[in-house]
**Student:** 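Please read through the structure below; I'll follow up with questions.
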Amino acid sequence: MKETVDILISEKAIAKRVEELSEEIHRDYINKDIYMLCILKGGVIFMVDLARKLPGNVELAFMDVSSYYSETKTSGEIVVNMDMKEDISDKHVLIVEDVVDSGRTLNFLIRHINKKNPASVRICTLLDKPEQRDVHVEIDYIGFTIPDVFVVGYGLDYNQRYRNLKYIGSLKFDLY
Ligand code: IMP
Ligand code: MG
């Protein structure tokens, strides 16, 4: 089975959108330090690009959760592989995700984070795939809304590959 990747969102379009999002976030967090919480591994490239565009105080933090287990479909179960290290009780948490699909991962994360009594929690996702949503989640910042296709690149993977692509592409399997 051969895989092909078709460009869905170009490097240039991503850069433009990241810039716009950073301006929006900057306006919303005036006089507030941001605790940027990257959901590994998919959110990492988006987070560093976004963080570098923000002129204010930004703390970088990481959490690793699993929900996909090397498959293109969710298992429904979310496991925390690595929790955040900091006490977030006075912090303004901005969750940075790669993609919201069923919404189960984010729903779990929001409840997990709220138990730690942060000052606020907001969500920023690079991609939103609303077609297969099972759980409603309120997303504050969305990079791009896309149809229900499996995408790779700019942090997103298929079996740990393609994360380093500069663009976002849709992954196709050619059967022959
Ligand atoms: P959800 O819990 O169904 O919303 O799944 C969200 C997680 O599934 C994301 O953080 C990704 O890690 C993964 N995921 C969902 N769709 C894609 C995709 O198209 N490409 C790569 N990973 C995906
Ligand atoms: Mg993810």
Side-chain angles (χ1 to χ4, degrees), residues 1-11 13-15 17-18 21 25 34-51 60-84 88 93-115 121-175:
M1 202 157 60
K2 193 172 161 285
E3 298 160 20
T4 53
V5 181
D6 295 330
I7 298 185
L8 194 66
I9 306 166
S10 71
E11 183 183 359
I14 297 169
R17 193 70 191 112
V18 169
L21 285 172
I25 292 166
I34 305 175
Y35 179 88
M36 264 194 160
L37 179 64
C38 173
I39 308 308
L40 293 170
K41 302 172 189 171
V44 74
I45 292 175
F46 178 42
M47 170 159 109
V48 296
D49 279 357
L50 197 57
L60 301 183
F62 302 89
M63 243 187 104
D64 183 17
V65 297
S66 289
S67 58
Y68 262 64
Y69 307 108
S70 300
E71 291 291 328
T72 56
K73 291 189 99 179
T74 186
S75 68
E77 193 193 343
I78 290 109
V79 177
V80 176
N81 304 318
M82 187 189 83
D83 207 345
M84 65 194 81
I88 57 163
V93 179
L94 180 62
I95 303 173
V96 180
E97 255 285 29
D98 51 357
V99 50
V100 183
D101 188 14
S102 71
R104 291 202 201 114
T105 306
L106 256 189
N107 184 259
F108 170 87
L109 282 169
I110 293 162
R111 284 184 294 157
H112 177 86
I113 292 163
N114 274 328
K115 282 183 202 150
V121 182
R122 282 184 185 222
I123 294 149
C124 178
T125 187
L126 173 66
L127 302 171
D128 182 19
K129 294 205 290 193
E131 284 174 33
Q132 299 292 327
R133 195 65 41 84
D134 292 333
V135 188
H136 172 78
V137 277
E138 214 63 64
I139 309 172
D140 301 278
Y141 310 98
I142 296 170
F144 302 91
T145 300
I146 60 166
D148 182 28
V149 288
F150 195 82
V151 288
V152 293
Y154 197 69
L156 293 111
D157 75 307
Y158 173 65
N159 284 343
Q160 302 305 324
R161 288 183 291 125
Y162 302 111
R163 291 194 198 276
N164 53 324
L165 293 180
K166 289 184 165 137
Y167 55 87
I168 294 162
S170 59
L171 188 68
K172 303 249 160 60
F173 300 96
D174 307 320
L175 308 149

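Computed from heavy atoms alone, side chains included, the values below leave out hydrogens, waters and symmetry copies. One-based numbering, in listed order, for ligands and for the atoms of each.
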**Student:** Taking only heavy atoms of V149, which atoms of ligand 1 are found under 4.0 Å from at least one of them?
**Tutor:**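 Near V149, the atoms of ligand 1 are 19 (O).
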**Student:** Rounded to the nearest 0.5 Å, what's the gap from SG on C38 to CE on M63? Could you check?
**Tutor:**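 Reported value, rounded in 0.5 Å steps: 11.0 Å.
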**Student:** Considering the heavy atoms of V99, write down every atom of ligand 1 situated less than 4.0 Å from one of them.
**Tutor:** 6 (C), 9 (C), 10 (O), 11 (C), 14 (N), 15 (C), 16 (N), 17 (C), 23 (C)
**Student:** I'd like to check which ligand 1 atoms, numbered from 1 as shown, lie under 4.0 Å from a non-hydrogen atom of G103.
**Tutor:**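 In order of numbering, the contacting atoms are 1 (P), 3 (O), 4 (O).
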**Student:** Give a yes/no verdict on whether any heavy atom in D157 is under 4.0 Å from an atom of ligand 1.
**Tutor:**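 A heavy atom of D157 does come that close to ligand 1.
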**Student:** Taking R17 for its side chain and L126 for its backbone only, find out whether a donor-acceptor pair lies under 3.5 Å.
**Tutor:**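 Looks like no, no N/O pair under 3.5 Å.
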**Student:** Would you call I110 and I123 a side-chain contact if the rule is heavy atoms closer than 4.5 Å?
**Tutor:**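 Heavy-atom side-chain distance check passes, below 4.5 Å.
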**Student:** What atoms of ligand 1 come closer than 4.0 angstrom to any heavy atom of E97?
**Tutor:** 10 (O)
**Student:** Measure the distances from the heavy atoms of D98 to every atom of ligand 1 and state whether one is below 4.0 angstrom.
**Tutor:** yes
**Student:** For S102, is at least one N or O under 3.5 Å away from an N or O on ligand 1?
**Tutor:** yes
**Student:** Would a distance-only check, ignoring hydrogens and angles, find a side-chain to backbone donor-acceptor pair under 3.5 Å from D140 to C124?
**Tutor:** no
**Student:** When L127 is tested against each of D98, V100, L156 for side-chain contact (heavy atoms from CB on, under 4.5 Å), which residue passes?
**Tutor:** L156
**Student:** State the CG-OH distance between N164 and Y154, to the nearest 0.5 angstrom.
**Tutor:** 13.5 Å
**Student:** For F150, is at least one N or O under 3.5 Å away from an N or O on ligand 1?
**Tutor:**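 Looking only at distances, the answer is no, because the N/O contact criterion of under 3.5 Å is not met.
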**Student:** Would you say L156 has any N or O atom under 3.5 Å from an N or O of ligand 1, going by distance alone?
**Tutor:** no
**Student:** Answer whether the closest heavy-atom distance between the side chains of K41 and D157 falls below 4.5 Å.
**Tutor:** no
**Student:** Which bit of K129 is near ligand 1, meaning a heavy atom under 4.0 Å away: side chain, backbone, both or neither?
**Tutor:** side chain
**Student:** Distance check, rounded to the nearest 0.5 Å: F46 atom CZ versus L21 atom CG?
**Tutor:**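 Answer rounded to 0.5 Å: 5.5 Å.
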**Student:** Quick one: does ligand 1 sit under 4.0 Å from the side chain of V152, the backbone, both or neither, non-hydrogen atoms only?
**Tutor:** neither
**Student:** Consider ligand 1: state whether an atom of it lies below 4.0 angstrom from any non-hydrogen atom of R133.
**Tutor:**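 R133: no contact with ligand 1 (<4.0 Å).
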**Student:** In the structure I gave you, are the side-chain heavy atoms of I168 and I146 within less than 4.5 Å of one another anywhere?
**Tutor:** no
**Student:** If the cut-off is 4.0 Å to any non-hydrogen atom of T105, which atoms of ligand 1 fall inside it?
**Tutor:**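 Atoms satisfying the 4.0 Å criterion: 1 (P), 2 (O), 5 (O), 6 (C).
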